[in-house]
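Comments concern the structure below.
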Amino acid sequence: MTERFDPAQADTRWQAAWDEAQSFRADDTSTKPRSYVLEMFPYPSGRIHIGHVRNYTMGDVLARYKRMKGFEVLHPMGWDAFGMPAENAAMEKGVHPGGWTRENIANMKAQLKRLGFALDWSREIATCEPEYYGQEQALFLDLYEHGLVYRKESAVNWDPVDQTVLANEQVIDGRGWRSGALVEKRKLSQWFLKITDFADELLDGLSTLDKWPEKVRTMQENWIGKSQGLQFSFDLSTGGKVEVYSTRPDTIFGASFVAVAADHPIAQGAAEGRPEVQDFIALCKQGGTTAAELETAEKLGFDTGITAKHPFSGAQLPVYIANFVLMDYGTGAVMAVPGHDQRDFEFATKYQLPIARVVAASAEEADKPFDGESEAGDGVLVNSDFLNGLSVAEAKAAVIARAEGEGWGEGKTVWRLRDWGVSRQRYWGTPIPFIHCEVCGVVPVPKKHLPVVLPEDVDFQTPGNPLVRHPTWKHVDCPQCGHPARRETDTLDTFVDSSWYFLRFASQPDDRPFDPAKIAEWLPVEQYIGGIEHAILHLLYARFWTRALARIGKIEVKEPFGSLFTQGMVTHETYSVFDIAPENTTQIGGSHEHWDKPVGREYFVSPAEIERRDGKVYEIATGRPVIVGRVIKMSKSKKNVVDPDEIVATYGADAIRWFMLSDSPPERDLPWSEAGIEGCGRFVQRLWRLFAQYDAAATGEDKALDRKVHQTVDAAARDIESLGFNKTVARIYELTGAVEKAQPSASRSAAIRTLLLLVSPMMPHLAEEAWASIGEGLIADAAWPEVDPALLVDDEVTVAVQVKGKLRDTLTVAKGTSKEDLEALALASEKVQRALDGAEIRKVIVVPDRLVNLVA
RNA sequence: GCGGGCGUGGCGGAAUGGUAGACGCUGCGGACUUAAAAUCCGCUUGGGAUUCCAGUGCGGGUUCGAGUCCCGCCGCCCGCACCA
């Protein structure tokens with residue numbers, strides 16, 4: 001063995017060896033138990049970033065560990081390859097989105113290979129290839145046949161410059177995120193998936209996902225947003241009716257007005273011929289929609305002059321148009337109960353409407369005044385006729401029963417979840433497989449004509465969807481009547497592509513989306529790993545798509561991901577500089593870590609552009625002082641990024657993998673540091689030196705070391721299975737120290753061999769290189785070391801001795817020493833006697849093998 | 001406002017109700033070396049000082065014993081939100 005481990009030559013050599021042996025190819029015919037380990041596949045933006053490295057390293061350690069434990073492991077990788085950045089690149093650089101994407105994939109694949117991930121590349125998928133999206137079109141048609149796909153007119157955010165629909169997230173302060181143009185609301189015919197049909201199922205299913213983070217389940221629960229209440233109508237003074245929805249029908253006797261949304265038909269009707277009403281409606285629509293604006297926005301109303309008759313009391317309640325009522329939730333109209341709803345309270349205060357108490361802590365507090373705000377809490381009904389004395393829950397049921405009995409309302413469940421609009425007016429996506437015929441209407445493309453392939457000869461010189469402008473592509477004959485017709489030019493939301501890729505990984509026949517038998521063997525994914533940013537959309541859509549396929553009989557599995565893990569981000573300090581020397585600026589107070597913040601234009605510099613001198617930090621190029629900012633997520637604009645390729649080139653793949661697993665618990669953020677990666681590089685060499693000391697001929701037993709080894713193997717396995725990689729890392733450091741200190745013996749040689757196996761999932765290249773002279777075959781194919789349960793327990797233990805709960809001494813005794821002996825030994829301790837100071841012992845607590853507590 | 005999470009050394013963090021600070025990083029001291037790098041050894045919560053005291057955001061409580069459990073606060077992070 002060489003003196004130093006040289007990753008530059010070892011890494012590529014072993015990566016080639018694994019390729020050659022096809023070590024990580026999942027065998028569908030294997031009789032071993034199955035394990036499907038999956039990380040969220042990347043968007044091929046061009047470069048692998050450090051967050052990918054952390055994500056895939058975690059999955060890789062688990063996949064390699066599972067193989068060692070005797071599982072047939074499926075650990076695939078692919079590319080979420082459709083999407084806007086490719087089109088933006090096309091517009092900005094004049095390249096074709098396909099060429100740009102495929103080149104990025106090639107680059108990123110090479111990067112992943114350099115990191116030594118144990119991936120089954122034979123199952124690689126790129127969603128932009130017809131072999132994939134053609135099958136997606138087939139699934140879309142299946143869902144259409146079963147009534148789960150439909151078309152309807154819907155208001156969308158339209159960017160008039162880019163000529164496209166924008167998602168809500170792409171509208172920033174009312175402007176398109178790319179063009180900066182004022183976004184318009186347009187009505188367009190859009191394709192929808194009936195996710196609301198699954199609202200109940202998706203909500204109930206969450207309770208079965210006990211290996212998902214509580215946080216993600218809660219987020220999905222809130223997103224689905226189930227609420228139960230009463231929908232009923234008020235008779236209006238105009239002779240009409242207004243339907244309202246309330247989750248608090250118990251408070252109906254506290255209603256003091258009715259409020260409708262600005263675009264509610266009643267408001268529209270009231271506006272006819274009345275400019276002042278029209279003005280008010282316009283004012284309501286002007287309001288911003290950001291959280292901050294909503295928080296501070298004043299409640300505004302306009303009294304229509306119409307009144308609504310209370311179903312019990314017969315009182316005439318005024319009907320207001322109000323800016324806080326949303327048209328697209330419930331019925332767009334509410335009964336307002338100021339005493340028990342804060343918005344209604346603010347509104348009633350402003351317009352001097354009655355604020356009645358109908359829920360109180362007790363019947364005696366029926367007339368207690370409000371303390372400047374509404375009360376939403378539980379209690380007993382008061383001032384409420386036949387409801388008086390009932391609890392909130394009882395009153396809700398009683399009102400719903402009356403309404404249903406008398407026929408003016410019914411109990412109803414309302415969901416926040418909306419159907420999933422999947423139409424995008426973009427080129428670089430899966431073509432929606434439909435044809436518009438003037439005679440037959442909307443006609444699905446016959447399956448035998450799939451895939452509907454994206455044309456390659458498109459131009460991006462003008463804004464808008466190139467598919468619309470393409471001279472020939474959209475012109476086809478109607479498959480039903482043969483008349484000239486037009487292809488659908490919208491493409492699918494890319495979230496559709498990522499809603500079933502995990503199925504295609506498990507099985508990829510040429511002639512169908514997947515083989516259900518193979519899906520049954522591999523799914524659900526045993527461990528799914530990815531970022532928290534996908535907690536709602538991707539994970540909800542994937543759950544929906546899986547359930548939809550199950551409902552139409554394509555597959556059996558209902559939940560795609562058995563266990564979910566959301567890993568933290570990789571963060572880094574930021575370094576910023578002000579372009580005016582500090583002596584020329586005014587100090588504005590407040591001290592930063594190193595410098596007071598001067599006035600000037602701030603710009604960010606990268607870690608490579610700074611140097612540290614005398615405990616302060618300077619920009620190398622200018623000598624200007626650097627402000628060391630918060631540790632935040634790496635991003636290009638803050639220049640606090642590190643390039644994984646450079647790290648691999650300097651320290652090798654194993655060092656960066658080890659860093660990704662060290663220190664921070666995997667669900668928390670990991671602060672990157674130069675010192676940290678250097679430490680990892682040192683440890684790689686330290687292990688290498690230790691492995692070089694392996695001596696197959698050594699003799700003699702070292703019982704204590706044997707125990708340490710077995711205890712570490714046992715604990716490391718548990719830690720890896722629970723993804724506690726930082727703890728595994730710490731244990732490996734401990735064992736390394738113990739082995740280094742041990743005298744040569746057969747035990748020590750065995751310990752080195754075992755340590756090598758333990759680190760192999762984390763540092764596979766180093767492990768293979770050392771294994772070549774110690775073991776047989778590839779360590780990638782080796783088994784996880786067996787644990788001897790007899791060696792997990794020590795025969796000597798350290799027992800803590802406390803006096804009144806305070807530690808005074810420790811005893812080293814044989815394991816299993818009797819309570820009596822322990823007590824006697826504790827009392828014999830000089831330190832204990834001094835602490836007791838002659839006091840009388842009232843009580844003795846002895847926990848065998850752990851502690852003795854003397855209570856005086 | 002609703003929901004979720006988190007507060008432990010200079011930093012990242014360990015700790016089935018039972019020896020708080022494992023392990024790593026940083027810093028300091030030492031060995032080796034002509035020197036440096038690499039490596040190795042020691043120290044690194046605070047105070048007093050070798051056998052002590054205090055200490056896990058703050059205030060209470062349960063317990064022989066609390067970082068851990070309970071109650072009440074404070075602070076930070078994340079998600080959702082005029083959702084009726």
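As a basis for the values below, the full set of heavy atoms in this structure was taken, side chains included, without hydrogen atoms, waters or symmetry mates. Everything numeric in this text was worked out from a predicted model, so none of it was measured. Order of the sequence lines sets the chain letters (A, B, ...), proteins ahead of strands, with each chain counted from 1.
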* Asked: Paired with B/rU62: which nucleotide, if any, by Watson-Crick or G-U wobble criteria at under 3.5 Å for both distances?
  -> none

* Structure fact -> If pairing means Watson-Crick or G-U wobble with both distances under 3.5 Å, then the partner of B/rG1 is B/rC80

Taking 4.0 Å as the cut-off, does a side-chain nitrogen or oxygen of [X] come that near to OP1 or OP2 on [N]?
X      : N      : value
A/R343 : B/rC83 : yes
A/R668 : B/rC6  : no
A/Y329 : B/rA84 : yes
A/R808 : B/rC53 : yes
A/K727 : B/rA15 : yes

* To do: Using the P atom as the reference point in each nucleotide, state the distance between B/rU16 and B/rU68 in Å, no decimals.
  =>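 Each nucleotide's P atom is 13 Å from the other's.
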
* To do: For B/rG12 versus B/rG27, give the span between their C1' atoms, rounded off to a whole number of Å.
  =>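 The same atom, C1', in both gives a distance of 16 Å.
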
Of all the choices, [options], which nucleotide is nearest to the side chain of [X] once you look at every atom?
X      : options                : value
A/D663 : B/rC82, B/rA20, B/rG12 : B/rG12
A/N726 : B/rG24, B/rA22, B/rG13 : B/rG13
A/Q802 : B/rG18, B/rC64, B/rC78 : B/rG18
A/W223 : B/rU26, B/rC80, B/rA20 : B/rC80

* To do: Quick one: classify the glycosidic conformation of B/rG24 as syn or anti, with syn meaning within 90° of 0.
  => anti

* **salt_bridge(A/R834, A/E830) N-O dist < 4.0 Å** =>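 Here A/R834 pairs with A/E830 in a salt bridge, since their nearest N and O are under 4.0 Å apart.
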
* Asked: Is any side-chain N or O of A/N222 under 3.5 Å from a base N or O of B/rC80, one able to act as donor and the other as acceptor?
  -> no

* Asked: Is a side-chain donor-acceptor pair under 3.5 Å present for A/D669 with A/T571?
  -> no

* Face-on cation placement of A/R416 at A/Y329 ring, 6.0 Å and 45° thresholds -> no

